[in-house]
Amino acid sequence: MKISIITSCFNREATIGQAIESVLAQDYPDVEYIVVDGASRDRSLQVIEHYGNRIARIVSEPDHGMYEAINKGIRMATGEVIGLLHSDDFLFDTHVLSDVAACFEQTRADVVYGNGLFVDAGNTNRVVRNWVSGPFRSWKVRCGWLPLHPTVYVRREVMERTGLYDERYKIAADTDFLLRCLLDTSWRVEYLDRYIVRMRMGGLSTDRARRKQMWREDVTIYREHGFPGVLLKLMKMGWKVPQFLR
């Protein structure tokens, strides 16, 4: 089973190298790695190209945001399973993809997700939020729960039928994508109870300056899916409280 990993990047010279190395260090043998750079103005592309002979595809060109870059990567991907790793993040250990692949093969899942850690940007050993997703239940989704997006791996057929990320949304397109996947009862969704990724605080969804935009996008998305927007957004936030208490 080939797993395609897609990393989008824009002006992340300080962190993109660690993201790349965490993929290249995986002990799973059948990985296709695609890096899509949005014509970075810092040294990001030079860092990426340093690993060029071990990366399946490198693209560097202007885009209109992270989700356009991710969609480009998905269209290029040839793996049976597709996952994302953002340029500020890195895989939890060298066995992540082996365990993800085993979960797909043993359960015949269409979607697999796990746990993740939010860490301090300056000290990635310091955990700020501990996101233990827990088992999948459709009622949880209807009550605002969603798995941590970078822990979610999906079969190609899911992408083909569900569609790619809606580029109208600049921060919360993952909310829309996950709702489309998880509300479709024809897919088999499995929880892998292990840590998948470490995420630095300070990305698009954790930057205080952009949380208002994320609020607006989430409310709009929930309404488009037939839910009471503000209520579901508040319920979504409620699911996050235990992450700070663990």
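In this chain, residues are counted from 1 in sequence order. All of these numbers come straight from a predicted model, not from anything done at the bench.
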Do [X] and [Y] pair up side chain to side chain, a donor and an acceptor below 3.5 Å, judged on atom types alone?
X	Y	answer
D27	S98	yes
T7	Y33	yes
D176	Y165	no

Quick one: salt bridge (Lys or Arg N to Asp or Glu O under 4.0 Å) pairs with a partner in [range], sequence neighbours left out?
range	value
residues 75-87	E80-R155
residues 132-152	none
residues 114-124	D120-R126

If the condition is side chain to side chain donor-acceptor pair (under 3.5 Å), which residues does [X] pass it with, not counting sequence neighbours?
X	result
R198	none
D30	none
Y191	N115, D193
S4	E32

Open item on the list: I'd like to know if K233 and D218 make a salt bridge, using a cut-off of under 4.0 Å between side-chain N and carboxylate O.
Closed with: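 Looking at K233 and D218, the cut-off is met.
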Open item on the list: Using a strict threshold of under 4.0 Å (side-chain N to carboxylate O), is an ion pair present between R200 and D89?
Closed with: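 Looking at D89 and R200, the cut-off is not met.
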In residues 45-54, what donor-acceptor pairs under 3.5 Å come from side-chain atoms, sequence neighbours left out?
from, atom 1, to, atom 2, distance (Å)
Y51, OH, E21, OE2, 2.5
R54, NH2, L24, O, 3.3

Open item on the list: Hydrophobic clusters here meaning ILVMFWY residues chained together by side-chain heavy-atom distances under 4.5 Å, can you tell me if I5 and Y28 are in one?
Closed with: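 Linked, I5 and Y28 end up in one cluster.
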TODO: Using salt bridge (Lys or Arg N to Asp or Glu O under 4.0 Å) as the criterion, list what pairs up with R168, not counting sequence neighbours.
DONE: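 Once residues adjacent in sequence are excluded, the partners of R168 under the salt bridge (Lys or Arg N to Asp or Glu O under 4.0 Å) criterion are D166, E224.
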Task: With sequence neighbours excluded, residues passing salt bridge (Lys or Arg N to Asp or Glu O under 4.0 Å) with E61 - done: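 E61 satisfies salt bridge (Lys or Arg N to Asp or Glu O under 4.0 Å) with K72 only.
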Do any side-chain atoms of residues 34-41 form donor-acceptor pairs under 3.5 angstrom with protein atoms, and if so which ones, sequence neighbours left out?
from, atom 1, to, atom 2, distance (Å)
D37, OD1, S40, OG, 2.5
D37, OD2, A39, N, 3.2
D37, OD2, S40, N, 3.0
D37, OD2, S60, OG, 2.8
S40, OG, N11, N, 2.7

Open item on the list: If the condition is ring pair (Phe, Tyr, Trp, His ring centres under 6.0 Å), which residues does F10 pass it with, not counting sequence neighbours?
Closed with: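 Result, ring pair (Phe, Tyr, Trp, His ring centres under 6.0 Å) vs F10: none returned.
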